[in-house]
Undergrad: 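Next up is a structure, given as structure tokens.
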Amino acid sequence: MTVLNRKLRTHLLLQNGLFVVLLLLLMGLMGYMAMEFRFQWDISQNSRNSLSQASLDILQKLDGPVEVTVYATTQDAQLGDIRKIINDFIAVYQRIKPDLTVEFIDPVEQPTLAQEAGIRMNGEMVLTFNDRSEHLTIINEQAFTNALMRLARSDQKQLMMLSGHGERKIDGIANRDMGDFGKKLAEAGFKGEGLNLASTQEIPVNMSVLVIASPQADLLPGEVDKLLDYIDQGGNLLWLVDQEPLYGLLPLAEKLGLTFTPGIVVDPQAKRLRAPITFALGTIYGQHAITENFDFITVFPFARQIILNENEEWYGVSLVEVAPEGWVETSSLDDDVAFDEAEEVAGPVSVAVSLERMLEDREQRIIVIGSGHFLANTYLGNGGNIDFGINMINWLAGDEDLITIQPRPTIDSQLVLNESDLTMIVMGFLIVLPSLFLISGFFIWWIRRRR
């Protein structure tokens, strides 16, 4: 009996020893894997703990180290540990770009450094890349990625808006103006200025893009000649055309080989989505750098059709086609609007085209949109209009490498409960759960008593 017990104890000892050895090996293996491999899953709403594809694209284009200097105290009266907030935020970028470094400087303890850097508020960041710097006072992905995008540009791009004929203003606040789009362009590194042809000898060809945004008065023949010379010399152009007449710009349309069909595009699909029937929804995109991986719906209010005529000089692409079930309405727009097969053009309808050609040693790029409302303050927030507009300007300026979908600001992370939800939670924690514990305790006591 003693020999049997000794063998049993030996067997148990070996078994327990083997278990301990295997457990230690497993822990060591898990520790090694944790050091060598990192896996993360973001299950938050809107993926707010990971970077958007737009941010990932920009980080890949930054060839070289990025330095982030944060001027922040250890504690902020409103935000608390502001350094931890900023450090956790930037850590998401560092996982993708390890050579993105962060340095914290206390502006109270080192006021001279803060003053030399032009710091205006606690928590302000200075991003530096290739001897260029950007100041940032907002902590979110959209602002940070846009700052990186500006740093990725070799220099600031100049965008000039034709003025003097009632055009939409790039810094205007009126509904028809493009001030909101101008702010987005400034965030992306573009500088917008007005250009009055009456006081300009010739249009400078070395600027990035010239924008003609829906003139409301006829251009003088001499002004039109300056525009045609600008095109002949290889200048890049964005032309926004509304329903009004071309106001003297017919020679420009002829030079580009374009025809504008009279009438307004009608889209029944928009009406089914409770939008005005004159809102043409862009869902069909041509093969182009601007539309690559672009899957947003764009909205073109009061659009007109653009026809690309056969032209050996220009290579043209229809960027956006709208209203596959609609048509170009040439009569009055009333509640009984209907398609007239004999007189009207059936959809899909092209409302945006791109033109390009090689002129000597450079590529000339032009985009024409059949809706100036597309980028107006009133309609800019619809669908993917902002993204599409930024992509167009990037392509025209020769920065197709920076064409990307703009990062989205994170949605509200607060949990809002109505009165019935709160009542159910209170009932569950204060009545239901205590009752279950009480019943289970009584049941256990009753079983033990019977034994």
Undergrad: Any luck finding a side-chain donor-acceptor pair between His288 and Ser354 under 3.5 Å?
TA: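 Short answer, yes.
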
Undergrad: In terms of heavy-atom contacts, does CZ of Arg120 have more than 12 from other residues, nucleotides or ligands at under 6.0 Å?
TA: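 Open.
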
Undergrad: Does Glu325 pair with Arg272 as a salt bridge, N-O distance under 4.0 Å?
TA: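 Yes, Glu325 and Arg272 are salt-bridged.
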
Undergrad: Could you report the tightest heavy-atom contact between Phe279 and Ala270, atom names first, then the distance?
TA: O-CB, 3.1 Å

Undergrad: Inspect the contact between Lys97 and Asp99 and indicate whether a charged nitrogen and a carboxylate oxygen are less than 4.0 angstrom apart.
TA: yes

Undergrad: Would you say the side chain of Ile170 lies within less than 4.5 Å of the side chain of Val211, judging by non-hydrogen atoms?
TA: no

Undergrad: Is the ring pair Phe144/Tyr93 parallel, tilted or perpendicular, if the boundaries are 30 and 60 degrees?
TA: tilted

Undergrad: Verify whether one side chain among Asp106 and Thr74 offers a donor that lies under 3.5 Å from an acceptor in the other.
TA: no

Undergrad: Inspect the surroundings of CD1 in Ile297 and state if more than 12 heavy atoms from other residues, nucleotides or ligands are less than 6.0 Å away.
TA: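 No.
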
Undergrad: Has Glu313 got more than 12 heavy atoms of other residues, nucleotides or ligands less than 6.0 Å from its CD?
TA: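 It does: Glu313 CD has more than 12 such atoms within range.
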
Undergrad: Does Glu167 come within less than 4.0 Å of Lys169, counting only side-chain N to carboxylate O?
TA: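 No, no charged N to carboxylate O under 4.0 Å.
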
Undergrad: In terms of side-chain geometry, is the basic nitrogen of Glu363 or Arg365 positioned less than 4.0 Å from the acidic oxygen of its partner?
TA: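 A salt bridge links Glu363 with Arg365.
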
Undergrad: How would you list all residue pairs meeting salt bridge (charged side-chain N to carboxylate O under 4.0 Å, His left out) that involve residues 247-265, not counting sequence neighbours?
TA: Asp232-Lys255

Undergrad: Look at Lys271 together with Asp267 and state whether they make a salt bridge at an N to O cut-off of under 4.0 Å.
TA: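 Salt bridge between Lys271 and Asp267, a charged N being under 4.0 Å from a carboxylate O: no.
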
Undergrad: Stepwise, does the salt bridge (Lys or Arg N to Asp or Glu O under 4.0 Å) test hold for Asp242 with Arg168?
TA: CA-CA 11 Å; Asp242 280 326; Arg168 303 176 190 271; 2.6 Å; yes

Undergrad: If the condition is side chain to side chain contact (heavy atoms under 4.5 Å, CB included), which residues does Leu273 pass it with, not counting sequence neighbours?
TA: Gln269, Leu281

